[in-house]
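Contents: one structure, followed by commentary.
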Amino acid sequence: MELTPQTSLLQWYNKNGRHDLPWRTTDNPYHIYVSEIMLQQTQVKTVLERFYFPFLERFPTLLDIAESDLDDVLKMWEGLGYYTRAKNLHHAARQCNGILPDNAHDLMNLSGIGRSTAHAIAAFAYRESLPILDANVKRILHRYFALKERNEKKLWEYAYALFDSSHPFEYNQAMMDVGATVCLAKKPLCEVCPFKESCQGKTDPLTYPDAKAKTRKPIRKRSIIVYQRHSRYALMQRKERFLHGLWGFYETTEIPGGTALGNITQHYSHFTLEANVYLSHEDVEEEFEWFTIEEITQLSLSRADHKVVEFIKKSA
DNA sequence: GAGGCGTGGCC
DNA sequence: TGGCCAAGCCT
């Protein structure tokens, strides 16, 4: 007798799932929430080894976040990227007064929690019977139902079609594990896949969905000027959306004078920064704040600005 | 709906 | 080594 795809998936998960992930072995909704936000567009290894535990130690409860300054949250987020997540997490903590809603509908009203994340938290923390639709599930669905077209609305319908409503926790976790370890983007391992019997795309999995149009990342050439007064250096806290809340040195399209310290290249999500770094003792009228190297380590800086700090240390 | 939004790892 | 990819959301 043939197994249903849901039963096959469940059996696969029991044997092959990543059961030891800390956000799977807890029933603390706040811990699960933090993990879901950190894991957005971010590899499990990075979250697991560098960010998840230190963050929860610094902020043991959601109320601790609500009662802290955004700068303190950003400091724990430093290096993780997509800093709007930290801003939204801080805002969400205050929106709900440190008390996380216990259902997907109310979770979705919080900043930074979309439909998929709301479903994930609700399914994992409260066993609410809802499917998720993340990149892993999307890839599986495109192949399983042989869908060439990328269509978010239709994918949600297919997500419900394959969903095992009797086992929301195990199903959703299993789908992410299959996506992460079997239904791989470049090398799908169809022979060990729990869906190998019923998958409609198994003969040519790489053709689903249609390939994205290739676009070349633009290169932005900039000068970074490190203004120095005695043993202090000029930084500003970014107000714009890009790297919001992080501190940085002065950046310009002008070619300045001063001592050349070196060059940095930084790849961002939508452009590449190529910058020449200069040290200058000129007076400046811009509204900077001035910090020693020691004090700078207390701030939150982007990767690129950390590279600048390294140049300063070498030149000193 | 398309584009903005970080960083590290992989080949 | 440059281009893709990794538990999306917001505007």
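Residue numbering restarts at 1 for every chain, and letters A, B, ... go by the order of the sequence lines.
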When rounded to the nearest Å, what value does the distance between [atom1] atoms of [N] and [M] take?
N: dG8(C); M: dG1(B); atom1: C1'; result: 15 Å
N: dG6(B); M: dC4(C); atom1: C1'; result: 15 Å
N: dT11(C); M: dA7(C); atom1: C1'; result: 22 Å

**Request:** Look at Glu310(A) together with Lys313(A) and state whether they make a salt bridge at an N to O cut-off of under 4.0 Å.
**Result:**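 Salt bridge present between Glu310(A) and Lys313(A).
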**Message:** Assess whether a salt bridge exists between Glu197(A) and Lys202(A), defined as any Lys/Arg side-chain N lying under 4.0 Å from an Asp/Glu carboxylate O.
**Reply:**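 Not counted as a salt bridge, because no side-chain N and carboxylate O are separated by less than 4.0 Å.
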**Near-ring test Tyr30(A)/Tyr33(A), centroid separation under 6.0 angstrom** =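 No, too far apart.
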**Message:** Quick check on the 6.0 Å ring-centre criterion: do Phe311(A) and Phe249(A) meet it?
**Reply:**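 Distance test on ring centres: not under 6.0 Å, no.
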**Asked** Which of residues 115-128 of chain A have a heavy atom under 4.0 Å from DNA chain B?
**Response**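 Heavy-atom cutoff 4.0 Å gives no residues at all.
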Sugar-phosphate only, base, or nothing, as touched by [X] at under 4.0 Å among non-hydrogen atoms:
X: Trp23(A); answer: base
X: Arg18(A); answer: base
X: Val44(A); answer: base

Distance, rounded to the nearest Å, where [X] contributes [atom1] and [N] contributes [atom2]:
X: Met38(A); N: dC9(C); atom1: CE; atom2: P; answer: 16 Å
X: Leu89(A); N: dC9(C); atom1: CG; atom2: C1'; answer: 13 Å
X: Leu155(A); N: dG8(C); atom1: CG; atom2: C1'; answer: 14 Å
X: Tyr171(A); N: dA7(C); atom1: OH; atom2: P; answer: 15 Å
X: Asn151(A); N: dA2(B); atom1: CG; atom2: C1'; answer: 14 Å
X: Asn109(A); N: dC10(C); atom1: CG; atom2: P; answer: 11 Å

**Asked** Does a side-chain N or O from Arg150(A) land closer than 4.0 Å to OP1 or OP2 of dG1(B), or not?
**Response**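 So the side-chain polar atoms of Arg150(A) never come under 4.0 Å of the phosphate oxygens OP1 or OP2 of dG1(B).
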**Fill in**
Readout for nucleotides 3-11 of chain B: B = base within 4.0 Å of protein heavy atom, S = sugar-phosphate only, - = neither; 5' to 3' it is -BBBBBS--
**Message:** Here's a test for you: under ring pair (Phe, Tyr, Trp, His ring centres under 6.0 Å), which of Tyr144(A), Phe145(A), Trp12(A) qualifies with Phe195(A)?
**Reply:**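 Exactly one candidate clears the test, Tyr144(A).
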**Message:** Holding to side chain to side chain contact (heavy atoms under 4.5 Å, CB included), I want the full list of residues that pass it with Glu254(A), two or more places apart in sequence or in another chain.
**Reply:**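 Applying side chain to side chain contact (heavy atoms under 4.5 Å, CB included) to Glu254(A) gives Thr252(A).
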**Item:** Between Thr117(A) and Gln40(A): side-chain donor-acceptor atoms closer than 3.5 Å
**Value:**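 The answer is yes; a qualifying pair exists.
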**Asked** Asn88(A) or Leu39(A): which one's nearest nucleotide on DNA chain C is closer to the 5' end?
**Response**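 On the 5' side of the pair lies Leu39(A).
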**Request:** For Lys214(A) and for Asn136(A), find the nucleotide of DNA chain C with the closest heavy atom, then tell me which residue's nucleotide is more 5'.
**Result:**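 Its nearest nucleotide lies further toward 5', so the answer is Lys214(A).
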**Prompt:** Which class fits the ring pair Phe124(A) and Phe169(A): parallel under 30°, tilted 30 to 60°, perpendicular over 60°?
**Reply:**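 Rings of Phe124(A) and Phe169(A): perpendicular, as their planes differ by over 60°.
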**Item:** Straight-line distance of Glu149(A) CD to Asp210(A) CG, nearest 0.5 Å
**Value:**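 Answer rounded to 0.5 Å: 8.5 Å.
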